[in-house]
Structure formats: C-alpha cells, structure tokens
**Student:** 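Below is one structure. I have some questions about it.
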Amino acid sequence: MSNQKKRNFQTEAFKHRVVVDPKYADKTWQILERAIHQIYNQDASGLSFEELYRNAYNMVLHKFGDKLYTGFIATMTGHLKEKSKLIEVAQGGSFLEELNKKWNEHNKALEMIRDVLMYMDRTYVESAKKPHVHPMGLSLWKDNVVRSPKIYSRLLETLLDLVKKERTGEVIDRGLLRNVTKMFMDLGNLCIRLILRSLFWMLLLCFTRLSLRSLLSLVIVGITRRKLRNV
Amino acid sequence: MEQEYRNPRSSVSHHHQHHHQMRTTVPPPPSPHPSPPHAESEQSTSAALDCNLASLCDHIQSEGFGSGSFSDVVVKAMGSTYHLHRLILSRSSYFRTMLQGPWKEASSPVVNLLVDDKNVNGDAISVALAYLYGHHPKLDDDNAFRVLAAASFLDLQDLCAICTDFIISELRTSNFLAYQVFAESQDYGIHGDRVKNACWGYLCQSGAVELREMLPKLSAQTLCALLTSDELWVPSEEKRFELALYAFIANGAPSNSEHPNQHSCFERGSSFPIDSAVSKGKNVVDEFSFRSLDRKLGRLDLEDDLRDASDDVLVPLAEGVTDIQRGVFGSNLVFQQSANPQTSFGRTCTSVVDKTEGSGVAIKGPSEEAYHLSNDTWLSGADSRNSPVSGVVNDWRNVGVSALTWGGRVVGTKQVTGCLKGKWGLTEEEYNAFVNTFEGGSLLYCNMSFEVLLNARKQLEELGFPCKAVNDGLWLQMLLSQRVQEVAANTCKKCCLINIACACKQGFGLSHGAPFNNYYCQDNVQNNMMGGIETMYVTESSQAEENGIFKPVRISVRGQHIDGLAGIGCEATFVPPPAWPPTPFVYSRVPINRNGQPPLASDGSEGRIGQSEEVLKDGLTALVGLSQGTSGVGNYTRGDQNEGGHSSGASEPREHSVGIERENTSCTISLDTRTPLCHFPPFRFGVEFEDVHRLANGHVEHSPEFFYAGSLWKISIQAFNDEDPQGRRTIGLFLHRRKAEIIDSLRKVHVYIDPRDKVTARYQLVCPSKREVMLFGDFKQRGTLLPKAPKGWGWRTALPFDELSELLQNGALRVAAVVQLV
C-alpha cells in the first residue's frame with residue numbers, strides 16, 4: 001500500500017532519462033566518418049566545423065567516446081594504408097617527394113581531425129587513459145607508412161643515395177631531405193633512433209672510407225645537437 | 001593520511017586560483033608603457049594601468065557585448081542573435097578553431113550554433129558568451145548545470161570550473177537527484193566527474209538518512225555501488241540491509257502494482273518463468289502482509305496439489321520437453337506456494353523453469369511443519385518418476401541451455417530474469433544489481449545478529465532470493481567466533497603475538513597441529529571421504545606449521561568467480577573494487593581437494609557422494625534449525641558437469657556453486673576453523689557525532705560500542721589545538737577496542753569474548769562528505785596492534801576545524817568504520 005502511494009511521487013523521468021536512439025551513435029559516426037574521408041580527400045573547404053564538433057561532442061557526451069575513438073583510428077588507418085600504397089608505387093626520384101607530400105597532407109588532416117575531436121581529446125581520452133588524437137595520428141603514420149616493409153628499406157636507401165650523390169658532387173634537393181628528416185623528428189625519439197641506427201650501420205658498411213662524422217651531420221640536417229646526443 | 005584528503009582539495013583551490021589568474025590576465029595587455037625605473041612611479045603607473053584596464057573591460061562589456069558595436073561576426077544560437085567579435089570569441093578554443101581553420105565558418109559572417117544537448121538553453125548560452133566578454137556568471141540552482149553544459153560545449157574550462165564549484169557548494173537534498181542524473185547520464189569530462197564525486201560523497205554521507213527517499217530513483221549501477229560500498233555511512237549492517245531492501249521494494253513498486261497478479265509468483269519462485277497470459281488469470285494476493293497467510297493456505301492443499309502438479313508436468317515431459325525436471329519442480333513450487341488454480345500450468349512450464357532455484361526457495365522457508373510435509377510429499381511423489389527424470393538430465397545438459405549468472409551462480413536461463421523483470425518492472429541490469437547486492441557477498445550478513453539474520457532471511461525469501469549469502473553469513477559468524485576464540489587462546493599474553501611468532505613460548509607447532517590433524521581426519525572419516533585426500537590434507541597442514549606462517553592453506557582463490565561461498569567475493573561487473581583485498585572471503589577449498597582435484601581447478605568437482613550430503617544436511621539442520629527442507633538440499637548436484645551415475649537423490653540439476661557451497665558448508669565447519677582471521681569479512685559500522693563544532697579543546701566524545709569478533713569497538717573524536725603543524729585546531733579520529741563483556745541480560749548466542757588485551761586489526765575510517773570521501777587508514781596494510789583499552793588508535797589531525805562546515809551534515813560528523821581482525 002505504501003508502495004503504491006510512493007509511486008505517485010516517483011518521477012520516472014529520472015530513471016531512464018536519456019533515451020538515445022539505438023542507431024544514434026552509428027548515424028553520428030557516419031557523419032564524422034564521411035567528414036574524415038573528405039578531409040583526407042582534400043575537399044574539406046565546405047565542411048562545417050560547427051556540425052562536426054557538435055556531433056563528436058554529442059557522441060562523447062552520450063558516452064560513445066569509445067566508439068568514436070576506435071572509429072577514428074580505424075578510418076585513419078584505412079587512409080594511411082591507401083597512402084602508403086600510393087607512395088609505394090611512386091617511381092625512382094618521385095618516391096621521396098610523394099612521401100613528403102603525403103606526410104604534409106596527413107599532418108593537415110590530422111590537425112583538422114584533432115580539432116573536430118577536441119572534446120573527446122579532453123574528456124574521453126583523458127579518462128580512458130589513451131593516447132591523444134595527435135600523437136595517435138603520428139604513430140599511425142609511423143606504423144602504417146614509414147615502417148611498412150616496402151617503404152622503410154626503400155626510404156633508407158633513398159636517403160643514403162641522396163647522401164652519396166651529394167658526396168659525389170651532384171645537386172640534391174636539400175629541402176626535401178630536410179623535410180623528411182624533420183618528419184622523423186616529429187615521429188618521435190623512437191623513430192629517430194630506429195632510423196638512425198639502421199642508417200648508421202648501412203653507412204658504416206657502404207662508406208667506410210668516408211668520414212663518419214661528415215656523413216652523419218649531413219643526414220641529420222634537422223636534428224639538433226641535443227637530439228643527437230640522446231641518440 | 002593528511003595527504004590523502006588534502007590532495008583533492010588543493011586541486012579545487014587550484015581551480016580557483018587558475019580562474020582568477022585567467023580573469024585578470026585575459027584582457028589584452030596595454031603594452032606600450034615603458035617599464036618605470038622608480039618604485040613610486042611604478043605604483044602610480046600600475047594604478048593608472050588598473051584604471052585603464054577597468055575602463056577597457058567596461059568598454060568591452062558595454063560596447064562589445066551590450067550593444068554589439070563593430071561586430072565582425074554574428075552568432076545565432078538557441079533562437080537568439082548575438083553581434084560579437086572574433087577577437088573576443090577566440091578566447092574559447094572552440095571559436096578559435098572554428099574561425100581560424102579551413103572550415104566553412106571561418107569566412108562566413110554568420111555562425112549558426114546548434115546545440116543538441118538538452119541541458120543547454122538560450123539563457124545558458126548567453127551567460128557563457130557574456131563570460132567571454134568578462135561578465136561574471138550569475139548562477140543559481142536552475143541554471144548552474146545548464147551553464148556548465150554550455151561552457152563545456154564552448155570549451156570554456158574556467159567557466160566550467162566556476163559552475164562546478166557552485167554546484168558542489170550548493171548540493172542539497174532537494175537538488176541532489178538532478179545533479180546526480182546530470183553528471184551520471186552524460187560525460188562532461190573532469191567537471192562532470194567532480195559533480196559526480198560530490199554527489200557520491202554526499203550520497204555516502206546522507207544516503208541512509210536524508211537521501212533515503214532518493215535511493216530508488218538512482219540508477220541500478222549507482223545504487224548497487226552505494227549499497228555495497230564501505231564508504232556508505234550506515235549505522236550497522238542490519239540498517240544497510242534494510243536500506244537495500246527498501247530500495248529494492250521501492251524500485252520495483254511501480255510495476256508491482258501494475259502487475260499485481262504476477263507478484264506472488266515472483267515472490268515465491270524467484271526463477272519461475274511465467275507466461276503472463278496464463279498468470280493473469282491467477283488469483284493472487286499481492287500484499288506483503290498477506291503472504292504468510294497465503295502460504296499457509298497453500299500448504300493445506302499442498303499434498304494433493306503436488307501430485308496433480310507432477311502429473312500435469314509429466315505430460316510435457318513425456319512429450320520430450322527440453323527440461324523436464326525443472327518443469328516438475330516448477331509446478332511443485334507453485335503448488336506449494338498458494339492455492340492458485342493450476343489449470344494450464346502444465347503447458348506453461350514447458351518453457352524452462354529453473355527447478356533448482358525454485359527448490360531453494362521452497363526449502364528454505366521458516367521452519368514450519370507444513371513445509372516439511374510438503375517437501376517430503378513431493379519427494380515421495382517425485383521419486384516414483386525419478387528414472388525418466390534423470391534420463392533427461394543429460395539430454396538437457398547436452399542441449400546446453402544458455403546459463404545465466406545469478407548472484408555469481410549459474411541458474412537456468414534468461415527467463416529467470418525475464419520473469420522478474422516483468423513482475424517488478426526492473427530491467428535486467430537493475431535486477432542483477434539487486435541480486436548482486438543481496439547475494440553477492442557485499443552485504444556482510446555475518447556481522448548481523450542471529451535474530452536479524454533470521455529476519456533478513458525471511459524477507460529475502462519472500463522476495464524470491466536464494467538467500468545463499470545469508471546462510472553463509474551465519475556460517476561465517478560461527479566460524480569467526482570459533483576462530484577468534486581459538487586465536488585468542490593461542491595468543492601469547494605477554495607479547496600479543498600468535499604463539500607461532502611469539503618468542504616467549506615455544507612448541508606451538510606440536511601442540512597446535514596435532515589435534516587439528518586429528519580433527520580433520522575424523523571429520524573426513526566421518527564424512528566417508530576418500531582416504532588419499534585425507535592424507536593430502538594432513539600433509540598440507542603440517543607443512544603450514546613447519547613454515548610457521550599462518551597463511552591460508554587449503555584455500556584457493558579463483559579470481560572473480562569464486563563460488564565457494566554463495567557469491568561471496570564475486571564481483572558483478574559494475575561493483576567497484578571491493579574495499580578489502582580481493583581474496584577476502586576465501587573459503588576452504590577442501591571439498592575440491594577431497595575430490596582429487598587441484599585446488600584451483602574448481603570447476604572440476606564431480607557429483608558428490610550421497611552420504612556426505614546427508615551429513616551436511618544434519619549439520620545444517622542441527623545448527624541452523626532452519627533447513628527444514630534439507631531433504632532437497634542433499635539432492636543438488638552440479639548441473640553442468642555431471643557425468644551421470646549419481647545416486648537417485650543427486651539427479652536433479654543444481655548449479656554447481658550451490659553444490660560446492662553445500663559441500664563446503666558440510667566440511668568447512670570443522671576445516672575452516674583454521675582460516676586466517678583476515679579472510680573473514682570485515683566489520684562495518686557507522687557512528688555520528690553531534691555538534692562537533694562545539695567540541696572544546698581536549699574534549700573527547702565517544703560513540704556507542706559495537707560488537708565484533710569478541711570485542712567491543714567504538715570511535716572517538718577529540719579536539720586538539722596543538723597537534724597541527726600549522727597551528728590550526730583539529731579533530732582527531734580514533735578507533736577503540738576492548739574485550740567484550742557479556743552481561744546476562746544481553747546474553748546472546750553470537751556474543752563471545754576475545755580475552756586478549758591487544759588485538760591486531762586493520763581498519764579504515766571513512767568520513768564521507770560532498771567535498772570528498774575522506775579515507776583514513778588503508779585496508780591493504782598488514783594490521784595495526786591496537787593499544788589496550790581504553791586507549792584508542794587513530795589520527796590526531798584528521799580534520800581541521802575550519803573545514804568542518806563542509807564535512808558536516810546538519811552539524812553532525814558521520815564516520816563509517818571498517819574493521820577486520822588479522
């Protein structure tokens with residue numbers, strides 16, 4: 001009896017207040033996914049930040065942060081795989097240029113995606129203790145492009161080749177070399193170390209006659225002394 | 001300890017600071033003032049600068065936000081149009097990104113803001129935008145969370161912090177629920193978490209009193225976490241149980257009255273699935289007060305009905321229904337319970353009925369003759385049909401009915417829950433939360449007095465819970481008493497150490513070990529156990545003594561899924577990590593050893609030998625005086641692993657945990673007298689100190705005493721003015737223990753004496769408040785040797801006086817304590 005009486009006072013609304021359309025998360029994510037595709041396909045000018053941010057915000061707000069995060073990683077991985085294929089097929093000299101171009105594109109896209117996912121970065125990522133969007137994007141690039149087997153060794157060879165050419169007096173695109181080495185820096189210490197180590201040994205093997213110091217100093221154009229010491 | 005509670009607070013004040021800094025530094029620096037060489041001129045310049053700044057602020061606020069002069073961007077939001085300025089908007093990283101990046105809005109003169117968040121309204125947006133122009137937000141109960149939501153959307157972290165501070169400081173009984181729902185159902189990042197934490201603290205502090213009415217409205221997750229939490233202030237375990245029961249009943253109330261006719265089925269057979277169309281035709285009494293009467297009536301007709309029921313069910317049985325015996329039992333159940341017309345029952349229970357659970361309910365009723373009768377009758381009736389039944393068992397198992405976890409045990413199929421849901425309007429989640437609360441071992445039944453336990457058991461039974469945990473509670477209580485007295489007897493009077501570790505006296509190993517081995521052997525023999533395991537046991541225990549360490553031999557821990565004691569130690573998915581170590585209720589695994597299985601391979605225990613069951617049954621009956629239905633108890637075997645070939649009594653499927661538990665109970669009575677004390681559940685109590693503010697320096701206030709493990713425990717507070725290094729007045733918080741005294745008038749079965757002068761215990765004192773939940777002490781520690789009464793042990797600078805206002809509830813300080821002898 002008392003139960004029944006109490007019932008009148010119960011505000012049912014409180015118990016299951018947020019009734020979310022079961023397909024809500026999927027729908028919202030589709031909007032965002034499409035946007036990420038557009039960003040990667042270089043036609044982002046028409047995108048509305050307001051709309052994308054709001055959708056990403058709502059997903060996190062309604063506790064779909066996990067879906068958003070994994071979705072973002074999956075979509076970006078897909079794009080990077082495509083890019084790495086494009087880079088692979090680039091012939092000869094254009095290889096490094098292609099790599100550099102894609103790297104710049106990726107950076108730009110990553111920045112935009114990070115902006116859109118700003119709220120996720122601030123809340124979900126923090127509480128779930130996952131890597132933030134930007135570092136995550138970089139490490140995805142590292143894993144899917146730089147360290148993909150067909151690119152990695154070729155990249156090293158090309159770099160060495162450039163060095164060799166420079167030593168033999170040819171004119172090389174120093175700017176490109178600088179950009180690529182800068183990419184390694186952006187990708188973080190681990191990557192620098194890996195690349196340097198392989199480069200170092202290859203250099204030792206190939207150019208034992210040349211002065212090591214001069215070689216290294218050439219390769220590591222963009223790397224400061226401090227970084228070098230760390231290595 | 002100081003650290004522990006200071007940290008969160010300092011982070012709060014940091015917020016303030018940060019915020020102030022922001023507000024003073026944010027206006028663009030009026031740059032071209034050359035740095036003045038002289039002090040006086042510096043002063044005058046800074047005064048002029050302040051003046052200049054103030055006028056700039058005024059200008060921005062009135063001209064900029066007020067009249068929208070020189071506006072270079074129009075923001076439309078929630079039906080309002082604001083003429084704003086990019087420069088000012090860029091204070092928010094949201095607007096900065098939007099107006100700067102390669103986005104559509106960057107070049108557009110009008111920005112349309114859509115806000116989907118229901119918590120945000122136009123007013124809140126306006127407050128947030130005004131904040132960007134330097135207006136201080138005017139917050140009240142109605143708009144604080146709306147502004148917080150708007151600020152969160154616009155990424156105005158400082159405004160968020162202001163709102164959160166306001167909400168926390170204004171948290172009250174009246175608005176608690178709104179804020180709790182607000183913070184729980186959406187993810188507002190750290191700010192939402194702060195509100196959530198404040199709500200939690202407040203709930204822990206006042207949940208048992210002021211916020212009691214709110215409990216049923218909480219989400220199942222929160223409610224379960226609260227009811228099982230050590231942080232909840234509640235005077236005793238009994239009150240905690242009452243609170244949980246209240247919440248459960250109130251939670252189920254709405255739909256209960258909507259489907260009154262299903263109610264009784266629920267209360268009887270917890271796992272009895274109902275075809276609602278059928279059940280609606282039943283004549284059922286739904287008032288709690290009528291239940292016992294109802295049941296008595298039912299019992300009268302029982303004998304006849306039972307036979308009928310069995311016959312009814314045999315029809316589908318013969319037709320090859322998936323699970324016949326369950327059906328049989330289900331029917332039996334219903335017949336037992338009431339005089340409901342059983343017309344279409346046989347058909348109904350072709351759906352899966354969990355016979356085991358049903359039997360549990362039927363059997364464990366309060367001891368009344370009629371019950372005995374009914375069970376016997378049923379058994380005799382069912383015996384004749386045993387062969388077909390047991391024949392089907394295996395088939396059923398092979399079919400592999402998907403099992404559902406029920407308070408850590410496996411019972412039947414989803415319908416179990418579905419049925420309850422239907423009747424109580426509880427979702428599966430809610431329902432599981434309650435099962436977990438009542439049966440998951442988080443309510444420490446063993447710390448309730450016998451009378452209370454009986455009562456609890458009765459109530460739970462009426463609600464259809466299997467009451468495993470309650471039964472275990474009783475056993476644990478007995479064991480604890482045994483164990484405490486034993487430890488006390490073996491403790492060196494001089495050094496208060498267990499004799500093994502005591503240097504004052506030698507030779508403990510022999511004197512202590514021998515009788516025990518005998519004891520075990522005897523017990524095993526008596527139980528007709530296999531000889532080999534006996535030896536195994538003995539060697540194990542003697543090893544332990546050689547090692548001289550009082551560690552849990554014969555105990556196996558099986559991660560999350562401990563099924564030794566009805567779900568004790570089991571954690572439901574959403575229960576916060578237990579406050580005591582994860583192995584707390586480790587119970588002797590001897591039964592498993594006995595079956596020749598390694599202790600950890602718990603799932604391997606096979607069908608039991610009938611005779612041991614009998615022994616256990618006797619034990620139960622004799623000791624508890626409750627298990628009038630034990631004839632059924634002995635019949636349980638594990639449902640999932642039976643190889644067949646057990647005695648006729650063992651042919652009904654029984655989820656294995658119960659079986660094991662029974663087994664355990666049968667032998668642990670003797671064996672577990674050696675379970676280390678620290679594996680028993682801790683004892684929780686809560687005390688309240690009124691008018692703490694008026695406590696004079698040096699003055700002490702004592703709480704009432706609580707009995708636990710042969711001792712009386714209490715908490716005292718004392719005001720100090722000379723303990724804090726910073727010279728603040730502080731309140732000290734102390735735990736006292738003295739040996740129990742048995743006063744004849746109060747003499748009860750469960751009161752016993754631990755005669756030691758000093759005991760070692762680990763303990764934690766909890767002061768929940770909306771500011772934070774302050775924890776003193778650590779349950780992971782090895783234990784503290786508590787000083788001899790009347791001295792207490794604790795923290796002299798636990799609470800500074802100047803922070804008391806935030807910690808008190810109506811002027812009273814509430815302290816919850818968790819104590820465990822080690």
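Here is the naming used below: chain letters follow the sequence lines, and residue numbers restart at 1 for every chain.
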**Student:** State, with a plain yes or no, whether a side-chain heavy atom of Leu47(A) is found less than 4.5 Å away from one of Trp103(B).
**Tutor:**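 Contact flag for Leu47(A)/Trp103(B) side chains = yes.
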**Student:** Starting at CE of Met120(A), measure out to CG of Asp187(B) and round the result to the nearest 0.5 Å.
**Tutor:**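 Output value for this atom pair is 12.0 Å.
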**Student:** Could you give the distance from CG (Asp116(B)) to OH (Tyr57(A)), rounded to the nearest 0.5 Å?
**Tutor:**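 Here the interatomic distance stands at 10.5 Å.
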**Student:** Identify the heavy atoms of Gly46(A) and Lys104(B) that sit nearest to each other, and give their distance.
**Tutor:**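 Gly46(A) and Lys104(B) have their closest heavy atoms at O-CD, 3.3 Å.
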**Student:** Could you tell me which portion of Ser152(B) (side chain, backbone, both or neither) has an atom closer than 4.5 angstrom to a non-hydrogen atom of chain A?
**Tutor:**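 The answer is both parts of Ser152(B).
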**Student:** Is the number of heavy atoms from other residues, nucleotides or ligands within 6.0 Å of NZ (Lys130(A)) greater than 12?
**Tutor:**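 Yes, because the 6.0 Å sphere around NZ of Lys130(A) holds more than 12 heavy atoms from other groups.
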**Student:** Go through the atoms of Ala149(B) and report whether side chain, backbone, both or neither lie under 4.5 Å from a heavy atom of chain A.
**Tutor:**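 For Ala149(B), the contact with chain A is made by the backbone alone.
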**Student:** Hey, what do you get for NE2 (His62(A)) to CG (Asp117(B)), rounding to the nearest 0.5 Å?
**Tutor:**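 With rounding to 0.5 Å, NE2 (His62(A)) is 6.5 Å from CG (Asp117(B)).
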**Student:** So how far is it from Lys63(A) NZ to Glu184(B) CD, rounded to the nearest 0.5 Å?
**Tutor:**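 It comes to 6.0 Å.
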**Student:** Select one option (side chain, backbone, both, neither) describing which atoms of Ser93(B) are under 4.5 Å from chain A's heavy atoms.
**Tutor:**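 Its backbone and side chain both get close to chain A.
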**Student:** What option among Met98(B), Glu105(B), Gln180(B) has the most heavy-atom pairs under 4.5 Å with chain A?
**Tutor:**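 Heavy-atom pairs under 4.5 Å are most numerous for Glu105(B).
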**Student:** Between Glu126(A) and chain B, with a heavy-atom cut-off of 4.5 Å, which part of the residue counts as in contact: side chain, backbone, both or neither?
**Tutor:**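 Interface part for Glu126(A): neither.
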**Student:** Checking Met112(A) against chain B: side chain, backbone, both or neither under 4.5 Å from a heavy atom?
**Tutor:**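 Its backbone and side chain both get close to chain B.
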**Student:** Measuring only between side-chain heavy atoms, which start at C-beta, is Gln157(B) closer than 4.5 Å to Arg122(A)?
**Tutor:**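 Yes - at least one pair of side-chain heavy atoms lies under 4.5 Å apart.
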**Student:** For Glu50(A) and Val111(B), indicate whether the former's side chain and the latter's backbone hold a donor-acceptor pair under 3.5 Å.
**Tutor:**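 Not at all, since once roles are kept as given, no pair shorter than 3.5 Å links the two residues.
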**Student:** Would you please indicate if the ring centroids of Tyr119(A) and Tyr94(B) are separated by under 6.0 Å?
**Tutor:**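 Between Tyr119(A) and Tyr94(B), the centre distance exceeds or equals 6.0 Å.
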**Student:** I'd like to know if the side chain of Tyr53(A) reaches the main chain of Leu154(B), judged simply by a donor and an acceptor atom lying under 3.5 Å from each other, with no hydrogens or angles considered.
**Tutor:**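 Pair absent, no side-chain N/O of Tyr53(A) close to backbone of Leu154(B).
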**Student:** How long is the span from the NZ atom in Lys118(B) to the CG atom in Leu61(A), to the nearest 0.5 Å?
**Tutor:**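 Reported value, rounded in 0.5 Å steps: 10.5 Å.
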**Student:** Which pair of heavy atoms, one from Leu114(B) and one from Arg54(A), lies closest together, and at what distance?
**Tutor:**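 That closest heavy-atom pairing would be O-CD, 2.7 Å.
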